[in-house]
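In what follows, a structure is listed as structure tokens, so that the remarks can point back to it.
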Amino acid sequence: MKKTKKTPTPNKTQPLMKGADILVKCLENEGVDTLFAYPGGSSIDLHDAFTRSKKIRVILPRHEQGCGFMAQGYARSTGKVGVCMATSGPGAMNLLTAISDAFMDSIPMVAITGQVFQSLIGKSAFQETDVFGMTLPVVKHSYLVLNAEDLPQIIKEAFLIAKSGRPGPVVIDLPKDIQQKMFVPNFDAKPDLPGLAEVPNATDEELLEVLKLIAEAKKPVVYSGGGIVSADASKQLREFSDMFNLPVATTLMGIGAADPADEKNLYWFGMHGTHVGNRAVYESDLLLAVGTRFSDRVTGAVGKFAPNAKVVHIDIDVAEHNKNVKVVSAVNSDVKYALKRIVELAKKTKAPKPNVKEWLAKIKEWKEKFNYPFAYRNRKHITAQEAISTLYKVSKGKLTIATGVGQHQMWTPQNYVFSRPRQFISSLGAGTMGFGLPAALGAKVANPKAEVVDIDGDGSFQMNIQEMATAVAEKIPVKVLLINNQFLGMVMQWQDLLYKGNHANTVLSLDPQNMGGPENLDAIYPNYCKIADGYSWESARVWKKEELEGAIEKMLASKSPYLLEVITEHDEHVLPFIPPGKSAEEIITIKPIKD
């Protein structure tokens, strides 16, 4: 628990204020314009106080997990801190998954939770849980506020922690007596964070050594992650890449930071990434990792990852250096500064450029041999890949896309090519089903002029389907492209490839033995159009190929929340696929299909 210094004496001419009203004022001072919050007995004073705010819009979700994912959609699409709130006990615990999700993907978020009276803490009071203790492993910091006068200082610290360095979530647990206490606030209180390190910047000596490695390389690749997006360093990444003619492969968290249309670039790589991206990283002799953490879904078997490469790792979080992959040069730095400065040093010293003519020719050959970025099979009926690529075609790639988790999540960046940062919003480190719809709502609230579509699967969508009510009540016109294959597709795929096709508990159809194909609409369950009607959404169902494009055009033209259910083939696999524990040499690219 954080101990704060004695708060300076406030101006005695200020009026007494209630703790809940002070919290609201503190959030206003931080520039918060939207709060996603679900009420309860231990947070009712806070909700009462927010009704008096003229600056903060409070959006009521239909479940606390949706509340947390809405805050993430807000944060991921803007780079600003997302703010959510829940009551004590089960309310706070329902936020826990969203907090953990934000932690895994380094998303700036402040989660406020009501707590029972201090006199009841530790006594198993009604709806009491140790939120402080339970959240410690999945936050940058947790606060349990025990001194009301510390509140203004704590709010400032929480936002500073959430957005500084490597971003992440911060929890503020607020007992009810703190919310109700009347006192004179000191809004000028200063943060007291001696342990919060200054943003590190690479030294010129470190960067000159990197320049030397670049000059010597024959097969260099830049491996770019979500840190580039967090640092708003896409421009600097592209300038660095162009200066040395370096191909860039991004992670899914970093997607859009590099231009996928640039002929030297590799789009994204990893378990389901491009063949050329995986192959180039595997055969590289210099891997320049910037703003990334060497996730297992990227590296596969660590011992077989880029086995012949010298690895340079530039990252703001020193704890990530040499954690998963051993490197020859670990540069602890803000990546935006490091990339900008390395370009400056290269110009100043007239640093030699690597001879990559043969390397880029090899990359071009791989692209021609293996469809780039991706391709899908032409089947008798609509496939998920076809539905998503048609959405890309109709929208001209301009949408902001959120996804749930499953096969559709991987098919989305394979078939909807993202060319700008913060355009693709997805749960990647935690892989949390139910993420898509609430995240889309948060992104739309934050970017009201953007067209936001949730591409979801029938399994993932149902986990937070209740947020359809939020969209209507709050007048948030998001769209959902629902890929309905009647399966928990990603688990089904693993069962096909790794468990001899035993579909144990992955079939969502009422009649799994006789699905009859997409044209057998009577076997499709549930009827999402009827559900949409119950929530006052516009909707349509499509299963014929010739109707797909027109149905998508109609969805995008609507000014209301709209669900388009696309009935698809159920036996498709996400390919390429690098199985767990394997390397890019063992990538699976083709699945025989019988129509």
Side-chain angles (χ1 to χ4, degrees), residues 19-40 42-43 45-61 63-88 91-92 94-103 105-115 131 135 138-143 145 151-164 167-174 178-179 191 230 425 438-439 441-448 467 470 474 476:
D21 291 304
I22 290 167
L23 171 76
V24 174
K25 180 62 177 176
C26 288
L27 294 182
E28 290 178 345
N29 291 343
E30 292 296 326
V32 175
D33 55 27
T34 308
L35 171 72
F36 305 93
Y38 201 96
S42 290
S43 63
D45 290 276
L46 299 173
H47 282 266
D48 180 72
F50 277 107
T51 64
R52 294 184 281 278
S53 175
K54 305 298 183 184
K55 296 180 179 180
I56 298 177
R57 177 186 181 185
V58 179
I59 291 179
L60 171 66
H63 190 279
E64 291 92 354
Q65 188 180 108
C67 161
F69 289 150
M70 288 177 200
Q72 278 204 52
Y74 181 100
R76 289 175 187 253
S77 64
T78 62
K80 297 192 291 186
V81 178
V83 187
C84 56
M85 188 170 77
T87 191
S88 62
N94 284 340
L95 267 186
L96 189 58
T97 297
I99 293 168
S100 174
D101 193 286
F103 182 74
D105 284 350
S106 302
I107 305 302
M109 187 169 83
V110 169
I112 301 165
T113 55
Q115 183 56 275
V131 177
T135 59
V138 290
V139 293
K140 285 189 72 177
H141 196 70
S142 278
Y143 288 93
V145 183
L151 196 53
Q153 176 182 324
I154 286 173
I155 298 300
K156 289 181 181 180
E157 291 180 359
F159 277 79
L160 185 60
I161 293 168
K163 63 189 176 184
S164 68
V170 176
V171 167
I172 303 174
D173 197 30
L174 207 55
I178 301 294
Q179 301 172 38
S230 295
I425 299 169
L441 290 169
K444 181 64 175 176
V445 168
N447 306 272
E467 302 309 337
T470 306
E474 299 289 344
I476 309 171

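FYI, side chains are in, hydrogens and waters are out, and symmetry mates aren't considered; it's all heavy atoms of this structure. Throughout, residue positions are numbered sequentially from 1 according to the sequence presented. Small disclaimer: the values here were computed from a predicted structure and weren't measured.
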Nearest heavy-atom approach of Phe36 to Cys67 is O-SG, 2.8 Å
Could you walk me through whether Leu60 and Thr470 pass side chain to side chain contact (heavy atoms under 4.5 Å, CB included), step by step? CA-CA 7 Å; Leu60 171 66; Thr470 306; over 6 Å; no
Kindly check if the number of other-residue, nucleotide or ligand heavy atoms within 6.0 Å of NZ (Lys25) is above 12? no
Let's go through Glu30 and Ile155 carefully: what are the C-alpha distance in whole Å and the side-chain angles of both, what is the deciding distance for side chain to side chain contact (heavy atoms under 4.5 Å, CB included) to 0.1 Å, and is it a yes or a no? CA-CA 8 Å; Glu30 292 296 326; Ile155 298 300; 4.1 Å; yes
Does either side chain, that of Asp173 or that of Gln115, offer a donor lying less than 3.5 Å from an acceptor on the other one? yes
Would you please test Glu467 and Met70 for side chain to side chain contact (heavy atoms under 4.5 Å, CB included) and show each step? CA-CA 10 Å; Glu467 302 309 337; Met70 288 177 200; 3.2 Å; yes
Here's a test for you: under side chain to side chain contact (heavy atoms under 4.5 Å, CB included), which of Val110, Leu46, Leu27 qualifies with Met85? Leu46
Taking every heavy atom of Ser106 against every heavy atom of Ser230, the minimum-distance pair comes out as O-OG, 4.2 Å
May I ask you to test the Ile425-Ser77 pair for a side-chain heavy-atom distance under 4.5 Å? yes
Between the side chains of Arg76 and Asp101, is the shortest nitrogen-to-carboxylate-oxygen separation below 4.0 Å, so that they form an ion pair? yes
For Ala75 and Pro108, the nearest pair of non-hydrogen atoms, with its separation, is CB-O, 3.5 Å
Do side-chain atoms of Lys140 reach the backbone of Ile161 as a donor and acceptor pair under 3.5 angstrom? yes
Side chain of Thr78, backbone of Tyr74: donor and acceptor closer than 3.5 Å? yes
Should we say atom CZ of Phe159 is surrounded by more than 12 heavy atoms from elsewhere, each under 6.0 Å from it? yes
How long is the straight-line distance from OG of Ser100 back to CG of Leu95, given to the nearest 0.5 Å? 12.0 Å
Rounded to the nearest 0.5 Å, what separation is found between the OG1 atom of Thr87 and the CG atom of Asn94? 11.0 Å
Any donor and acceptor pair, going by atom type alone, linking the side chain of Ser43 with main-chain N or O of Pro39 inside 3.5 Å? no
Can you tell whether the side chains of Lys55 and Asp33 come within less than 4.0 Å, N to carboxylate O? no
Donor-acceptor check, side chain of Ser53 to backbone of Phe50, threshold 3.5 angstrom: yes or no? no
Gap separating the OH atom of Tyr143 from the CD1 atom of Ile154, nearest 0.5 angstrom: 6.5 Å
Where do Ile172 and Val145 come nearest, in terms of heavy atoms and distance? CG2-CG2, 3.9 Å
Side chain proximity check, Val131 to Val171, heavy atoms < 4.5 angstrom: yes
Inter-residue atom distance Ile178.CD1 - Asp45.CG, 0.5 Å rounding: 12.0 Å
Side-chain heavy-atom pair Val138, Leu96 within 4.5 angstrom cut-off: yes
Side-chain heavy-atom pair Met109, Cys84 within 4.5 angstrom cut-off: yes
Do Leu151 and Leu174 make a side-chain contact, defined as non-hydrogen atoms from C-beta onward lying under 4.5 Å apart? yes
Under 4.5 Å between any side-chain heavy atoms of Glu28 and Lys54, yes or no? no
Distance-minimising heavy-atom pair for Val24 and Ala49: CG2-CB, 3.7 Å
Would you sort out whether Ser88 and Thr113 count as a side chain to side chain contact (heavy atoms under 4.5 Å, CB included), showing the intermediate values? CA-CA 6 Å; Ser88 62; Thr113 55; over 6 Å; no
Nearest heavy-atom contact between Ala162 and Val170 is N-CG2, 3.8 Å
Within a strict 4.5 Å, meaning less than it, do heavy atoms of the Lys80 and Lys163 side chains meet? no
